[in-house]
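Take a look at the structure below.
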Amino acid sequence: MFTIITSVILFLYLLQILFFRSLTSKKFEKISEADLPAISIVVAARNEEKNIETCLVSLDAIEYDEEKLQIIIIDDHSTDRTPQIIKSYIKDKPKFLTIVPQKAKGSLKGKANAIANGIEFATGEIILSTDADCTVNPLWAKTTVSYYKENVAMVCGYTNQEEDTTFRGMQSVDFLFLLSVAAGTMNAGKPLSCIGNNMSYRKSVYHEVGGYESMPFSITEDFQLLAAFHKLGKYKIIYPGESNMLVTSKACPNLTSLYWQKKRWGVGGLDSDIAGFAVMAVSFLLHVATIFMPVFMGILWLLLLPVKWLIDFILIGGTYKRLKLKLKLKNFLAFEFYYNIYVVLLPFAVMFNRKIKWKDRKF
């Protein structure tokens with residue numbers, strides 16, 4: 001009976017993955033370079049003295065008409081050298097603007113409040129956001145904004161992580177795997193997730209939904225905004241898969257920070273609708289079954305386990321190829337081990353305790 005149930009779940013998982021894979025490569029129309037609108041890039045930074053200058057250098061190298069480009073750096077009340085580094089770097093660069101949030105907007109806290117304050121100063125028609133521990137492709141802005149046909153309200157992109165060690169490489173595979181699922185569902189017209197460090201949206205639609213301050217506080221403010229845009233029901237939200245749109249972030253340095261990152265995402269995922277929970281349920285059940293395969297299936301698990309890995313590779317391999325990245329076997333195998341553990345344990349981590357630690361703050 002266990003073998004039959006596991007086989008059925010594995011088949012459902014395969015159907016999901018094939019569905020996501022078919023939509024991650026969906027093509028979308030673009031506007032001409034001459035029609036690219038004015039943009040504002042918004043970055044919130046808190047205690048990022050180790051990363052902020054690298055981020056600023058990559059933003060400074062963006063290829064975009066400087067008369068249409070504004071870069072807003074929000075110092076979210078840092079207690080380290082972040083403000084001084086920002087001030088020194090942008091002092092002779094008029095396209096940069098730095099602010100410190102002076103007020104709490106609605107029930108907002110932390111990063112969401114910082115971004116909402118920053119958008120008040122935005123002059124661009126399109127808002128792009130990334131994080132202070134990220135670097136962007138020089139063509140990131142131009143490529144992202146080229147997808148803003150008249151009826152498009154939000155365009156999301158992929159983020160990978162530095163892969164100089166297996167621990168970091170494992171996290172990068174995980175990022176791109178989850179974002180492939182997000183892209184598949186979004187391009188199917190049912191957006192379930194996104195990531196705020198590679199996100200863009202029309203400022204007019206942002207104000208139409210009332211901005212972050214009109215939404216209930218969430219530790220995953222990017223998902224809240226996505227849901228609000230989707231609820232309007234009259235604009236397109238798309239997820240192209242172009243390498244020029246790639247953003248690279250820092251991986252979590254240790255297991256403790258990785259735990260809090262996953263828990264933060266898990267708590268945010270509790271706001272999903274029934275479709276989101278259905279996707280998560282199939283994955284959860286399959287990974288629980290995977291743990292018990294050696295007990296109930298004997299040698300047969302040695303055949304089914306590689307099948308599961310192959311199914312995952314169908315999705316993640318396609319994403320790496322599209323983004324012109326090299327998928328290392330050791331990183332992929334480490335991801336499979338790590339993915340199996342946290343998919344099973346994460347629901348229990350958020351079920352009884354939703355407290356979060358993030359950027360030396362508690363929520």
Side-chain angles (χ1 to χ4, degrees), residues 26-44 59 62 64-72 74 95 97 105-106 108 111-131 136 139-159 179 182-183 185-215 218 220-242 244-245 247:
K26 187 175 180 178
K27 303 296 183 183
F28 301 95
E29 291 184 50
K30 292 184 175 183
I31 61 176
S32 69
E33 185 169 339
D35 292 329
L36 293 177
I39 65 172
S40 294
I41 298 171
V42 178
V43 182
L59 293 172
I62 283 176
Y64 208 88
D65 183 351
E66 293 208 3
E67 293 184 358
K68 297 180 177 180
L69 174 63
Q70 177 193 40
I71 304 173
I72 303 171
I74 307 109
K95 62 186 174 185
L97 169 69
K105 299 176 73 65
L108 295 180
K111 181 182 174 183
N113 187 63
I115 294 174
N117 274 268
I119 290 175
E120 284 192 349
F121 294 84
T123 57
E125 179 182 339
I126 306 297
I127 306 292
L128 294 93
S129 66
T130 190
D131 286 347
V136 303
L139 296 175
W140 170 62
K142 184 179 290 186
T143 307
T144 299
V145 178
S146 71
Y147 284 102
Y148 275 92
K149 298 286 287 185
E150 188 174 348
N151 60 342
V152 173
M154 182 177 286
V155 178
C156 298
Y158 287 89
T159 299
L179 292 177
T185 57
M186 190 175 292
N187 291 341
K190 186 61 178 176
L192 299 180
S193 182
C194 62
I195 191 164
N197 62 20
N198 196 350
M199 186 179 184
S200 67
Y201 40 90
R202 287 192 186 276
K203 185 174 64 175
S204 60
V205 182
Y206 172 83
H207 290 305
E208 185 176 345
V209 300
Y212 282 116
E213 57 266 37
S214 70
M215 305 170 197
S218 172
T220 50
E221 75 291 330
D222 41 14
F223 175 73
Q224 287 282 85
L225 190 63
L226 170 66
F229 272 48
H230 178 60
K231 189 176 181 180
L232 291 175
K234 57 182 180 179
Y235 302 107
K236 286 186 178 181
I237 300 173
I238 63 175
Y239 215 123
E242 280 207 54
N244 287 338
M245 291 173 60
V247 168

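The first residue in the sequence is number 1, and the count goes up from there.
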Between Tyr206 and Ile127, is there a side-chain heavy-atom distance shorter than 4.5 Å? no

Minimum-distance pair of heavy atoms, taken over all atoms of Tyr212 and Ala116: CB-CB, 4.3 Å

Should the pair Phe229 and Tyr201 be assigned to parallel (<30°), tilted (30 to 60°) or perpendicular (>60°) ring geometry? perpendicular

Checking Tyr239 now: which residues fulfil ring pair (Phe, Tyr, Trp, His ring centres under 6.0 Å) with it, not counting sequence neighbours? Tyr158

Can you run down the salt bridge (Lys or Arg N to Asp or Glu O under 4.0 Å) pairs that involve residues 227-239, sequence neighbours left out, and say none if there aren't any? Glu208-Lys234

Apply side-chain contact (heavy atoms from CB on, under 4.5 Å) to Tyr147 and Ser200, showing your working. CA-CA 11 Å; Tyr147 284 102; Ser200 67; over 6 Å; no

How would you list, by chain and number, every residue that makes a salt bridge (Lys or Arg N to Asp or Glu O under 4.0 Å) with Glu29, sequence neighbours excluded? Lys149

Modelled atom types, side-chain donor and acceptor of Thr123 and Gln70, under 3.5 Å: yes

To the nearest 0.5 Å, what is the distance between CD1 on Ile74 and CG on Asn117? 8.0 Å

The side-chain hydrogen bond (donor to acceptor under 3.5 Å, both in side chains) partners of Asn244 (sequence neighbours excluded) come to none

Kindly indicate, with the supporting measurements, whether the criterion side-chain contact (heavy atoms from CB on, under 4.5 Å) is fulfilled by Leu192 and Met186. CA-CA 7 Å; Leu192 299 180; Met186 190 175 292; over 6 Å; no

If I take atom OG1 from residue Thr144 and atom CE from residue Met199, how far apart are they, to the nearest 0.5 angstrom? 12.5 Å

Quick one: list whatever passes side-chain hydrogen bond (donor to acceptor under 3.5 Å, both in side chains) with Ser129, sequence neighbours left out. none

Residues passing the side-chain hydrogen bond (donor to acceptor under 3.5 Å, both in side chains) test with Asn198, sequence neighbours excluded, are Trp140

Determine, for Lys203 against Glu125, whether the closest basic-nitrogen to carboxylate-oxygen distance falls under 4.0 angstrom. no

Residues Thr130 and Asn197: closest non-hydrogen pair is OG1-O, 2.8 Å

Is there a side-chain contact between Asp131 and Lys111, using heavy atoms and a 4.5 Å cut-off? yes

